[in-house]
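Residue numbers begin at 1 in each chain, while the letters A, B, ... track the order of the sequences. Both backbone and side-chain heavy atoms feed into the values below; hydrogens, waters and symmetry mates do not.
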Amino acid sequence: MKKIEAVIRPSKFEEVKQALGKLGIKGMTVTDVLGCGLQHGQREIYRGTEFIKLLPKVKMEVVVQDTSLEQVIETITSVARTGEVGDGKIFIYPVDTAVRIRTGESGDDAI
Amino acid sequence: MKKIEAVIRPSKFEEVKQALGKLGIKGMTVTDVLGCGLQHGQREIYRGTEFIKLLPKVKMEVVVQDTSLEQVIETITSVARTGEVGDGKIFIYPVDTAVRIRTGESGDDAI
Amino acid sequence: MKKIEAVIRPSKFEEVKQALGKLGIKGMTVTDVLGCGLQHGQREIYRGTEFIKLLPKVKMEVVVQDTSLEQVIETITSVARTGEVGDGKIFIYPVDTAVRIRTGESGDDAI
Amino acid sequence: MKVTEMLGRLHWRMIAILTAILIAVPGLALASEEGINSADNAFILIASALVMLMIPGLALFYGGMTSRKNVINTIMMCFTCLCMISVTWVLWGYTLAFGTSLGGLLGGLDFIGFRDVGMEPVDNLAHATFASFQMMFAALTIALVAGALVERMRFGAFVIFALIWSTIVYSPLCHWVWGEGGWIGELGALDFAGGTVVHISSGVAALVGCLVLGARTGFGKRPMPPHHLPMVLLGAALLWFGWFGFNAGSALEAGALAASAFMVTQIAAATAAMTWACAEWIRHGKPTLLGAASGCIAGLVTITPAAGFVGPLAAIAMGFGGGLFCFYGVTVLKHRLGYDDSLDVFGIHGIGGTWGALATGIFAVEAIGGTPGLLEGNAAQLGIQAVSVLATYVFVGVMTFIILKAVGAVVPLRAGKNDEDIGLDSALHGENGYSDYIGGGVLTREAHGIPATARTEAAY
Amino acid sequence: MKVTEMLGRLHWRMIAILTAILIAVPGLALASEEGINSADNAFILIASALVMLMIPGLALFYGGMTSRKNVINTIMMCFTCLCMISVTWVLWGYTLAFGTSLGGLLGGLDFIGFRDVGMEPVDNLAHATFASFQMMFAALTIALVAGALVERMRFGAFVIFALIWSTIVYSPLCHWVWGEGGWIGELGALDFAGGTVVHISSGVAALVGCLVLGARTGFGKRPMPPHHLPMVLLGAALLWFGWFGFNAGSALEAGALAASAFMVTQIAAATAAMTWACAEWIRHGKPTLLGAASGCIAGLVTITPAAGFVGPLAAIAMGFGGGLFCFYGVTVLKHRLGYDDSLDVFGIHGIGGTWGALATGIFAVEAIGGTPGLLEGNAAQLGIQAVSVLATYVFVGVMTFIILKAVGAVVPLRAGKNDEDIGLDSALHGENGYSDYIGGGVLTREAHGIPATARTEAAY
Amino acid sequence: MKVTEMLGRLHWRMIAILTAILIAVPGLALASEEGINSADNAFILIASALVMLMIPGLALFYGGMTSRKNVINTIMMCFTCLCMISVTWVLWGYTLAFGTSLGGLLGGLDFIGFRDVGMEPVDNLAHATFASFQMMFAALTIALVAGALVERMRFGAFVIFALIWSTIVYSPLCHWVWGEGGWIGELGALDFAGGTVVHISSGVAALVGCLVLGARTGFGKRPMPPHHLPMVLLGAALLWFGWFGFNAGSALEAGALAASAFMVTQIAAATAAMTWACAEWIRHGKPTLLGAASGCIAGLVTITPAAGFVGPLAAIAMGFGGGLFCFYGVTVLKHRLGYDDSLDVFGIHGIGGTWGALATGIFAVEAIGGTPGLLEGNAAQLGIQAVSVLATYVFVGVMTFIILKAVGAVVPLRAGKNDEDIGLDSALHGENGYSDYIGGGVLTREAHGIPATARTEAAY
Ligand SMILES: Nc1ncnc2c1ncn2[C@@H]1O[C@H](COP(=O)(O)OP(=O)(O)O)[C@@H](O)[C@H]1O
Ligand SMILES: Nc1ncnc2c1ncn2[C@@H]1O[C@H](COP(=O)(O)OP(=O)(O)O)[C@@H](O)[C@H]1O
Ligand SMILES: Nc1ncnc2c1ncn2[C@@H]1O[C@H](COP(=O)(O)OP(=O)(O)O)[C@@H](O)[C@H]1O
């Protein structure tokens, strides 16, 4: 079981979510985050001072069985890509186990 | 050392937190998230268009020593359960180590 | 490849970010969170009822190559420290891999 | 005297009289023929606009105090009162309150559908001005009640309740106090701008309402603090601003009485805000903005019945009492009694209104409003005030209970548990107060194949 | 009669006449010498302030409806209209609208740079009062148009467009309808407070504008719900409040006509809000706050041309129609036609204004505004109204198209794709509506060595 | 002539005279007996309500500009000024400013506790009207000062400071300029609505205050951008709206002078907003909403002393100067001098007020306000204006310094480091502006066993 954490452009979120829906991925948890990387940030002005602000990104967390891993990564990569700096990253983490609170099921059954 | 990540109903958060407090768990980090799963989302209307919106959930992250793991999972599972779809999930992740910034302590002492 | 997750005081964020910038760390993802630990929370009042509220913290996530790990941890620890309870924690998690969406690169090249 | 001279004198007499009449005519035209004094008319029109603004002000005041997931529902309840009651006021509300009195108990149907309500004068104002001004009062009163019911009442049930309540509680009560021949007015009770009609009545209805509905899920187990305090402050500010129209406008003219009412309104509001904040400072060690904002409303409520009857120092005394009693009611009494008046409508409007109505009987000054109070030796006035308060409590309390039970027999009053959990905004209105980034967090319908006609449990 | 007697009588005659004149003088001074009636003047000054407040109200109404990343740009467009048009109105806008008519088509340059616009009376008002009141109308009209263009139009292009449009579309149109000798006014068309001048004109310009610009990226693929509904409600409330100044103030005096206009304004707004919310309740199972708020604006738009001509029941009928037609236009028609009018300016101001202008011809009552409508047997009036509507559609539609094409030939009209993606607030104004915790999420400039003069693509 | 004829003539004479007297009586009653002109009285009452609204407007304007964690404290400071000063104004503030002059320096105690302040006329207004109008000015002025001190000043210390400052700085200064016999007024200095009394005085106090307090922790190291720009805009809009009451109301009547003041107020605000935004556009490549909003306030400040003295083109010139100088002050000068005026009170009110006071001496037109300025050849007026400015700078500067030092000797002026870090809202008021989901993020007290009486360091 793996957790796929994708940090993407907010404007791409809708498309990615639908693409995952088509793969049969129903569950995900989503968070508003700010990020920086090669794409530095937005230049803002406050009463004569200019400064750089982190960029809004969307973090999607999807826990999947090992078998779906490749497919999900590929889908996200291809749908979220615009080719311009700032498209984001996908990180893969190991997951020990999962529990479905409603039923108490655990492991692969829970996701 | 493990990280317990529980995605639960916002209305259950208070109870869960207090239950953990009784177990002696003092530390946790909490985030507002949106989620979907078997429970799809809320139907909303905007000027004649209907659409489905992700549901607000609360993500609690608690890093615990391996020995407390079972007890914490059980507590969260039982307190956060309503039995209706949308109760949420618990994910368990391995943690390499932890550091307490104030003192520089690391490992089990830090949590 | 490791994920460094630091939960720090909001007022220290700017300094930490700049210190990391000097180390050559360009990428990070940042989230507003609430937390409690030894530092309980803020006492608030609502129409005669007093209650305790979780404290705002900032969660920084930085995925780094194993080689930079020590240095980053040390930098965060020293810069974010005030010595008073509530300075926060650093957690280190294993990462299986990373993918740069824009190019499809994966592994160490992606971060 | 010669005849010619007589004629000559008559001639002059005629000229003088004609002159007098001609010159007096414009005056007459203003004072009795057309009757509308444009300064007064302008003032009351603006005052009406100010009172209108109080209702969205109230919506924000209340909306900011609820939790984030119920802000839309709360605002919608207030806003619906503004709109719905404006229409029913035209159709039947106004005439039931201000039509020719049927035995001092109810207005007749003379003005049904705003018949004859238009440009013709009523005393110094155009009839349309007076009717519009009163329209805002009617809408505001029932909107005030909403604050006690929010976060759990079903929207549809509230709409029906509000409609009936405004018709068979507000209109009659308004007639009793302000209608020509209304029995409370005839009694000599003083209520300048609505201490009984607006505030006690809404406060009592709120109390009965929240008792009938029962507490919000989780009440008492966790605090339910305001989700947006600057919005609360904004709402309080608009209320305060509008209240000048409410109180000074109730002079129904733009002269010295309006000025006096304006002045004491400001003083009482300010005093009560400070009183509440200081009480908190002493009791909890910290003065809160919510306390100051609640205090100013308490002061405004308190001075409402007295605005045209008391002077500046009495306004300080009344404001101080209003701040203190309401603070006590909201922070101590409520917790002891254990009822869940979500946004403390009874604690502020009920308690403040009651104190204000009684204090009017104490502090009234003959030189200002024509009636002396207790301090000027007229103890009877306090008795009359007490009777009017009591009558309002009993009438409104009983009627509200009956109406709610009747409505509850037809449609459920409370939202379902699940709707309360996810929030009434989404459940009942299909809306969210704030939508965040995340592309609006939208899952398109098609992706899940949910039919557009699917409805959640409490949609109606 | 003796001469001495004759003289004596003459003497008395003189005294009587002198008396008469002397006594009449203060009256004369008020009525013809100075001419300013201070009650009317006070009323219109306050009304002007209310109309001014409509523009920030509109900014919030619109701003709350856009996505979070475009709220500042949206507000900025409205606020810029308020400021910029106030200045151009002084310089040339007013005189083009209200200067001595050049053949009924345009005002002459008599008042250029507000020459002679000051304390001297124009009828019952100070000239400054009238010119300020009209200034607010001019600023509001073009600000309304912005709502259709937001979330994709480049700010600089909008500024140029607004400047030209206000000069060569608004001022002439205003002259036609309200200027002395303007041809539409001469025709006998009724437009009390701006149904054609303000609402149809902004609605049509909005429609043409959004067609020329093209839809927002992602339009139709994902809903773009309001990011802050309480802000929308606040904006609607300020609009409603200000509209009393707009409509009642258009009586240009503070008497019975103003009162009547005030009353029907309230009634139509309330009715339309309820109509819209009920339509949603029936169609979608849930009434929304956005629906109620949109409805009240639709009602206000509808009653605008009719405010001084119709009675309370006609206001209910007009409000009902306004709510229903605009609801249909916004939720059905727009989707069928597929244009992207971001915040439904045409759907509300265009459709509501058209219905209002025609309905004025139907419901006008002679006893109120002096002109009978269709229901009082004057079918011709409906024809005249139709002509004025048609003329406005054609003139504004063609002119707006030409202006946009001309401006677009000089500077790009649309923001770049990337700017649209990250949001116009940051891209065009270097600002964010809300900055969150995280120490403001700030990376100092030095840390990245970005020169202070670096500019994003669409900075100008 | 015969005796009978004589009598006859006398008889007629009497009739004519009686007629004259009788007819004149209503006029007399209005003009001298009762004295209150209801149009003027209505106008100033509404104007007072508008000025009241400026203070919550200011609270939102300031509140939106601070960081999220200090929004409540900021709003609370302004709101407390509104409430507290309203009470002290009744008790002693008014009489110190407007009581019978003690040598041109201070008002006597005639009106202590608002003795004799009520329904009797003062010129054309009810005394209560005048006193209420002035009350709002007093409250606003000290509230303006707060903007320079927020995000680090201890609330309790501010309350004491405000109380003293308003008593021994504002009241005397107000007396000097507007009190009968006040020495600056006697000098012939022009200050229509408070350029020196309100704006220079608050600006200078702000500057001294922030120098005494020292900069916020982190100032200069990281930008501290506004946390809620739409709130800033809303505040600016309410300020602008209220300013019509402030400036036009300062005519103290509702005629042509009020109209002229209204008009130039609008023009200067609009011009300055555009000027500031354009200056940014040129300098930074992007016009900001904060810039436009700051600009309109700068313009309003600038025109305040001149509102009743200058014409429309002068208003454009003054607004342009106001926008430019304040822009320069806030974006360049402040950074060079390095002081931390949190929300730029000195940069806008100090600089704008100074420019406005001087420019009044330049642009004043005899035909408008009765006094010619430099451009009409009266160079002396500019000198008088300069003297009044200088006197205000010195008096306010010195007094503010002394008061702050004195207060600081008794209670600490600055909040503790830790309180500043977690935010003054939570530390000093036990509140949070916005509480998010997460069930309110609440840990019940019991769970941690913290006694209810525990207090944080800076609770008082
Ligand atoms: N090392 C990292 N650790 C955590 N998050 C990162 C890291 N690098 C990038 N990110 C996240 O990914 C986003 C996009 O990265 P960026 O380098 O700007 O673009 P790209 O992925 O196209 O090279 C960042 O805004 C940040 O949120
Ligand atoms: N595979 C997953 N990965 C990440 N989060 C998930 C996943 N599945 C569910 N969740 C989170 O758990 C929440 C509840 O899940 P859901 O399937 O709706 O209910 P239940 O757990 O009762 O079956 C979701 O809203 C989402 O936030
Ligand atoms: N066991 C834990 N799991 C997750 N987060 C924790 C844990 N313990 C502490 N935290 C986070 O770290 C923050 C600081 O911890 P705290 O114990 O208050 O201070 P300190 O680290 O100085 O001892 C908390 O507010 C919380 O967000």
Exercise. So with a 6.0 Å cut-off around CZ of E/F320, is the heavy-atom count from everything else above 12?
Worked result: no
Problem set entry | Value rounded to 0.5 Å, distance of OG1 in B/T49 from NE2 in E/H284 | 7.5 Å
Problem set entry | B/Y46 OH to E/M65 CE distance, which is reported to the nearest 0.5 Å | 6.5 Å
For this session: Determine whether the side chains of E/T288 and B/R47 contain a donor N or O and an acceptor N or O closer than 3.5 Å.
Result: no
Exercise. Just wondering, do E/K286 and B/E44 contact through their side chains at under 4.5 Å, heavy atoms?
Worked result: no
